[in-house]
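Notes to accompany the following structure.
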There are 2 protein chains.
Amino acid sequence: MAEFPEEPIYRQLARIGRTLASPVRLRLLDVLDQGERTVEQLSEEADIPLKNTSAQLQQLRAAHLVTSRKAGTRVYYRLADERVSRFLGELQDFAAERLADLREAVSEHLGEVAVLEAVTADELAARLDDPGIVIVDVRPAADHARGHVPGAVSVPLAELRDRLDELPGDAEIVAYCGGPYCVVSSEAVLLLRDHGFRARPLDGGLTRWRRTGGRLRTGAAAR
Amino acid sequence: MAEFPEEPIYRQLARIGRTLASPVRLRLLDVLDQGERTVEQLSEEADIPLKNTSAQLQQLRAAHLVTSRKAGTRVYYRLADERVSRFLGELQDFAAERLADLREAVSEHLGEVAVLEAVTADELAARLDDPGIVIVDVRPAADHARGHVPGAVSVPLAELRDRLDELPGDAEIVAYCGGPYCVVSSEAVLLLRDHGFRARPLDGGLTRWRRTGGRLRTGAAAR
DNA sequence: CTAATATTCCAAAGAATCATAGAACAGGGG
DNA sequence: CCCCTGTTCTATGATTCTTTGGAATATTAG
């Protein structure tokens, strides 16, 4: 048992680290970063058993990383505040910069194309008004309505194949989805390229867009 | 066993969190933030058994948070780079903002006076040229020589009682020591007040001074 | 080469966490 | 009021991490 005078302080500090030490909890935080969810939604969306989801949420709440509100029979969880999202981003950047294994896991998950040719959030922000660019939100329409990159068209991945004719063949297409490690936009990009479009994914998805200060627009699908 | 598609990614991310999940390792990182140290120095300064110190350092190195170099029969460890120090600061701020228990542990450790009446690094930076202020570095002289706040006088705590006459009675004194949770400056402040001086500690010590962009000066004791 | 010192490797006991099964609880609809 | 649904609480084996003793390694001094 280590015992130095400042031990109680560092023990408390370590609570934050410990809370961020579980893949399951980090995953839940990333989903919650998309917006408020019920326990059941979280369990399904993150593909984690319900019991386990609830148990981990208790820990996140104990560390004040999330808050919950009860509405009727359901409990909605959300990130405690803006700073949690920001800190999460810092952790991800810090880890990516440091762990080659992480970068490798990411590129294996997303595919080389997505990683190497992704548009950064800054780059996209600078070209928002460029008429030669078309931004496609490939998430479910409900997510799009809740908040999207200004000017983005909602074309859920499932509908993309049937709506290819809505996209101008001569424009550069930027596709994005939700979380930082979401593969949906990569799949969309591959599909688009197969049909002759010039397409690239948005690096880090909407999560990073938001974290780097990108504006959001809510409301009905633009177009 | 939780298994979702992104699991490998989050498992890697969690490695950083896990590494920061131990009071012992956090303590070692804070000492290393003061500068390069050998295993033995770390063990002594952090008051952690040597074997354990070595074992934890291996983990920190595996996570690329520290690097080591061998000189003769000793091994010197240091933080891997500037960003580790910065991230550590962010973690501490984030945790302090979130965990009441942490704030409580800190104020209990440092004493109410130190916490409530501390001078912030920004405040001190703004008043560096104020002639009505005297900055006292109460760390060992060797530490002072390695780097100190510009204009600071080196008066190790052990010598402070005998050198009170070197300090102007009408000035405001700011005392500081090393790490963010170092109590030495608080003790100095209490001693000074007992002798009629107006004294306040520097919040977060030299560590926070450095992290918030404060300049350092090296070399022989100023005076 | 041998001895002495600093550090790390290896292994095992002890402590802390994780995942999950079963019971319990709280709102809302009937 | 009672039942149904969503969620949390309690308990437990499995797993992983921490700590530490003993052996091993590496470097310098002599």
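All heavy atoms count here, side chains included; hydrogens, waters and symmetry mates do not. Note that the structure is predicted; figures quoted are calculated from it, not measured. Every chain is numbered from 1 and lettered A, B, ... according to where its sequence line falls, protein lines coming before strand lines.
Checking dT20(D), dT18(D), dT8(C) against every side-chain atom of Pro49(B), the shortest atom distance belongs to dT20(D). Out of dA23(D), dT19(D), dC9(D), the shortest distance to the side chain of Val24(B) is found at dT19(D). Taking only side-chain atoms of Thr38(A), from C-beta outward, the nucleotide of dT7(D), dT19(D), dT8(C) with the closest atom is dT7(D). For Arg18(A), counting side-chain heavy atoms from C-beta on, the closest listed nucleotide (dT17(C), dT8(D), dT8(C)) is dT17(C). With distances taken from any side-chain atom of Val39(A) to the nucleotides dT8(C), dA19(C), dT7(D), the minimum falls on dT7(D).
Using a 4.0 Å cutoff on non-hydrogen atoms, the parts of residues 66-79 of chain B near DNA chain C are Thr73(B), Arg74(B), Val75(B), Tyr77(B), ordered by number.
For the pair Leu60(A) CG and dT17(C) P, the computed distance is 14 Å after rounding to whole Å. Rounded to a whole Å, the CG atom of Leu50(A) is 18 Å from the P atom of dC18(C). Summarising the geometry, the separation between CZ on Arg37(B) and P on dT7(C) is reported as 14 Å, rounded to the nearest angstrom. When the P atom of dT20(C) is taken as reference, atom CD1 of Ile48(A) falls 11 Å away, rounded to whole Å. Across the protein-nucleic acid pair, Leu57(B) atom CG and dC9(C) atom C1' stand 15 Å apart, rounded to whole Å. Rounded to whole Å, the distance from CG on Leu26(B) to C1' on dT18(D) is 15 Å. Separating the NZ atom of Lys51(B) from the P atom of dC9(C) is a distance of 13 Å, rounded to the nearest angstrom. dT17(C) atom P lies 10 Å from atom CZ of Arg11(A), rounded to whole Å.
Using bins of under 30°, 30° to 60° and over 60° for the plane-to-plane angle, the ring pair Tyr10(B)/Tyr181(A) lands in the perpendicular bin.
Under the 4.5 Å side-chain criterion, counting only non-hydrogen atoms from C-beta, Arg74(B) is not in contact with Lys70(B).
Taking the charged nitrogens against the carboxylate oxygens, Asp137(B) and Arg139(B) do have a contact shorter than 4.0 Å, which makes a salt bridge. Between Arg98(A) and Asp93(A), none of the side-chain N atoms (NZ, or NE/NH1/NH2) sits under 4.0 Å from a carboxylate O, so this pair counts as no salt bridge.
Side-chain N/O atoms of Gln41(B) include none lying less than 4.0 angstrom from OP1 or OP2 on dA6(C). Using a 4.0 Å cut-off, some side-chain N or O of Ser54(B) falls inside it from OP1 or OP2 of dT8(C).
Heavy-atom minimum distance, Gly147(B) versus Thr218(B): CA-CG2, 3.8 Å.
More than 12 heavy atoms of other residues, nucleotides or ligands lie within 6.0 Å of CD in Glu36(A), so this atom counts as buried by the packing criterion.
Taking for each of Glu40(B) and Gln59(A) the nucleotide of DNA chain C with the nearest heavy atom, the 5'-most of the two is the partner of Glu40(B).
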Quiz item: Checking side chain to side chain donor-acceptor pair (under 3.5 Å) for the pair Asp203(B)/Tyr176(B): CA distance, chi angles, key distance, verdict?
Solution: CA-CA 8 Å; Asp203(B) 183 45; Tyr176(B) 74 86; over 6 Å; no

